[in-house]
Amino acid sequence: MTAHPDLAFSPDGTFRVVQFNDTQDSHTPDERTVQLVERVLDTERPGFVVLNGDVVNGDMTTAEQVRRAYHHVVAPMEERGVPWAVTFGNHDADSAPVTGMTAERTAEFLRTYPHHVGGTAPGVSGGSNQVVRLRSARGDATAFALWLLDSGRYGPATLGGQFVAVEPYETIHADQVAWYRRTSIELQGSAPEPVPGLMFFHIPLWEFRHLWFGSPTEASEEAHAAAVAKHGIVGERNEEEATAPFNPGLFHAALERGDVKGMFCGHDHVNDYSGDYFGIQLGYGPGSGFGAYGLPGDDVHRLRGARVFELSQDHPGVFVGTRVVRAADLGIDLSPEPRRLPDVPAGLS
């Protein structure tokens, strides 16, 4: 469990979290990605930032380029003194065969930044599993938990002697689900209720698709229309949920524990919907990176943005709600032509 001296609710009992997803670029990123991070920070003034996977892509050829790619994204938080953490996505270690920047080496580099928070749970699958505790405004007790899980990279081509043809992606592993459940119980201790929290991981669970259609078996416009009313769905779904062939049981574990008020992912850049699925808010953070794929044609950057979370100790369950902030609303140019930063050394920490 990770504690950070600056992570506490404000004296008025409020706290704000921002999620950026899929900034996914190289050491010469589109400058508008950095503008988006900077303007969201200056407008929303969060107490914590989650970079929820695919922070960089696999285009780099040296370790220095990978470090520079990360630096472009994390520098705005460092300059403003905002605590931040990373959940790894499927692309973050794509360059490792050439650059040597594995998840382990990347994590080691990120820990050199003063405002980076946390590490990873030992002996658990993945390299970015942690729970970040927020202290109460009324003492040192943990009032809220931010769960960060590594949803893996790519699944095997075959499993059990059979060809895996559904999706090529990995997902949360059984030992991560067990770690979450065990740690959740430890956090609660002897308290009558579990510590409420939000959970972040990059690749969506099957339950995200089930939310959109209101059912594990339906996939029609009629089913979705009924689900909008039943689950309070808002936002867009412009591509199918790209998830693993198997459901790891994380949603059911969270439902059983009753502590996680919302689960939020990225990965599918042109989805930004959210809704209440049997008491747990499920939602996408929109793609934040102007160098990654977006909508077709001139609309390519229309959905670029970030997701904001409002917390209050005076609200039942602490989690008040979430909303999306658009790049367009922050005055950022949405023209389809790239605007690359020059290939010059970044001022690394």
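Computed from heavy atoms alone, side chains included, the values below leave out hydrogens, waters and symmetry copies. In this text, all values refer to a predicted model and were calculated from it rather than measured experimentally.
A donor-acceptor pair is defined here as one N or O able to donate and one able to accept, closer than 3.5 Å; no such pair exists between the side chain of D30 and the backbone of P338. A donor-acceptor contact shorter than 3.5 Å is absent between the side chain of D272 and the backbone of G285. Within the 3.5 Å criterion, the main-chain N or O of V98 finds no donor-acceptor partner in the side chain of S95. Formation of a donor-acceptor pair under 3.5 Å by the E207 side chain with backbone atoms of H210 is not found in this model. At least one donor-acceptor pair under 3.5 Å links the side chain of R39 to the backbone N or O of G331. Proximity of a side-chain donor or acceptor of D175 to a complementary backbone N or O of V124 within less than 3.5 Å is not detected. Using a distance-only test at 3.5 Å, with no hydrogens or angles considered, a donor-acceptor pair links the side chain of T23 to the main chain of V55. Panel note: side chain W147, backbone N129; no donor-acceptor pair is recorded below 3.5 Å. When atom types are taken as modelled, the side chain of D92 and the backbone of G89 share a donor-acceptor pair closer than 3.5 angstrom.
Here Q65 pairs with H27, T61 under the side chain to side chain donor-acceptor pair (under 3.5 Å) rule; sequence neighbours left out. Contacts of D314 classified as side chain to side chain donor-acceptor pair (under 3.5 Å), with partners at least two apart in sequence or in another chain: R138. Legend: residues meeting side chain to side chain contact (heavy atoms under 4.5 Å, CB included) with E170, ordered by chain and number and at least two apart, are R153, H173. Taking A254 as the reference, Y180, V260, M263, I280 meet the side chain to side chain contact (heavy atoms under 4.5 Å, CB included) condition, with sequence neighbours excluded. For T14, the side chain to side chain donor-acceptor pair (under 3.5 Å) criterion is met by D12, not counting sequence neighbours.
Heavy-atom minimum distance, R105 versus A63: NH2-CB, 4.5 Å. Closest heavy-atom contact between G214 and A227: N-CB, 3.4 Å. Pairing each heavy atom of A137 with each of S10, the nearest pair is CB-O, 3.1 Å.
Listed by first and then second residue, the side-chain hydrogen bond (donor to acceptor under 3.5 Å, both in side chains) pairs that reach into residues 278-287 are D268-Y284, sequence neighbours excluded.
The closest side-chain heavy-atom distance from F208 to T243 is not below 4.5 Å. A 4.5 Å side-chain heavy-atom check between V17 and L198 finds every atom pair outside the cut-off. D94 has its side chain within reach of Y154: a pair of non-hydrogen atoms, C-beta onward, lies under 4.5 Å apart. For the pair M77 and L41, the minimum side-chain heavy-atom distance is below 4.5 Å. Contact of the S128 side chain with the V86 side chain is not registered, since no non-hydrogen atoms from C-beta on lie closer than 4.5 Å. Counting heavy atoms from C-beta on, the side chains of R304 and T33 never come closer than 4.5 Å. Counting heavy atoms from C-beta outward, F48 and V82 have side chains that stay 4.5 Å or more apart. Between R68 and M60, the closest side-chain pair of non-hydrogen atoms is not below 4.5 Å.
Under a hydrophobic clustering in which Ile, Leu, Val, Met, Phe, Trp and Tyr are joined whenever their side-chain heavy atoms come within less than 4.5 Å, directly or via other members, V18 and L303 fall into different clusters. Using a 4.5 Å cut-off between side-chain heavy atoms of Ile, Leu, Val, Met, Phe, Trp and Tyr, with links allowed through other members, V177 and V195 fall into the same hydrophobic cluster. Linking ILVMFWY side-chain heavy atoms closer than 4.5 Å, directly or via other members, places F109 and V49 in a single hydrophobic cluster. No single ILVMFWY cluster, assembled from side-chain heavy atoms under 4.5 Å apart, contains both V270 and L282. If you chain together hydrophobic residues whose side chains sit under 4.5 Å apart, F278 and V228 fall into the same group.
Expressed to the nearest 0.5 Å, how far CG of L148 lies from CD of Q130 amounts to 5.5 Å. Interatomic distance, R339 CZ to Q35 CD, rounded to the nearest 0.5 Å: 5.5 Å. Atom CD of E38 is separated from atom CD1 of I332 by 9.0 Å, given to the nearest 0.5 angstrom. Here the CG atom belonging to D329 is positioned 10.0 Å from the OG1 atom belonging to T43, to the nearest 0.5 angstrom. Considering CG of L146 and CD of Q19, their distance stands at 11.5 Å, rounded to 0.5 Å. With values rounded to the nearest 0.5 angstrom, L149 atom CG is found 5.5 Å from M199 atom CE.
Ring planes of F213 and H224: perpendicular class, angle over 60° (limits at 30 and 60°). Relative ring orientation between F144 and F9 is described as perpendicular, the plane-to-plane angle rising above 60° on a 0-90° scale split at 30° and 60°. By the 30° and 60° cut-offs, the orientation of the rings of Y113 relative to W84 is perpendicular. Relative orientation of the F200 and F264 rings is tilted, given thresholds of 30° and 60° on the angle between their planes.
A 6.0 Å sphere centred on CD of E239 holds more than 12 heavy atoms belonging to other residues, nucleotides or ligands. Residue H252 places its NE2 atom among 12 or fewer non-hydrogen atoms of other residues, nucleotides or ligands, all under 6.0 Å distant. Residue R181 qualifies as open at atom CZ: its count of foreign heavy atoms under 6.0 Å is 12 or below. Heavy atoms from other residues, nucleotides or ligands lying under 6.0 Å from CZ of R182 number more than 12.
Side chain to side chain, Q24 and H269 meet the donor-acceptor criterion of an N or O pair below 3.5 Å. The closest side-chain donor-acceptor pair between R307 and T322 falls under 3.5 angstrom. With 3.5 Å as the limit, one finds no donor-acceptor pair spanning the side chains of N57 and S26. Between the side chains of E64 and T62, no donor N or O sits under 3.5 Å from an acceptor N or O.
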| message | Applying side chain to side chain contact (heavy atoms under 4.5 Å, CB included) to Y70 and L51, what does each step give before you reach the verdict? | response | CA-CA 10 Å; Y70 275 99; L51 298 174; over 6 Å; no
| field | Residues L330, L36; criterion side chain to side chain contact (heavy atoms under 4.5 Å, CB included); working and verdict | value | CA-CA 8 Å; L330 299 172; L36 174 64; 3.9 Å; yes
| said: Evaluate N21 against S288 for side-chain hydrogen bond (donor to acceptor under 3.5 Å, both in side chains), listing each step before the verdict. | reply: CA-CA 5 Å; N21 247 103; S288 303; over 6 Å; no
| message | Under the criterion side chain to side chain contact (heavy atoms under 4.5 Å, CB included), I'd like the reasoning laid out for V56 against H72: C-alpha separation, chi angles, the key distance, then a yes or no. | response | CA-CA 10 Å; V56 303; H72 282 300; over 6 Å; no
| said: Applying side chain to side chain contact (heavy atoms under 4.5 Å, CB included) to T171 and S151, what does each step give before you reach the verdict? | reply: CA-CA 5 Å; T171 188; S151 56; 5.7 Å; no
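Classification of R32 and D25 as a salt-bridged pair fails, no side-chain N sitting under 4.0 Å from a carboxylate O. Residues E310 and R16 are paired through a salt bridge, judged by an N-O separation under 4.0 Å between the basic side chain and the carboxylate.
Less than 6.0 angstrom separates the ring centroid of Y169 from the ring centroid of H267.
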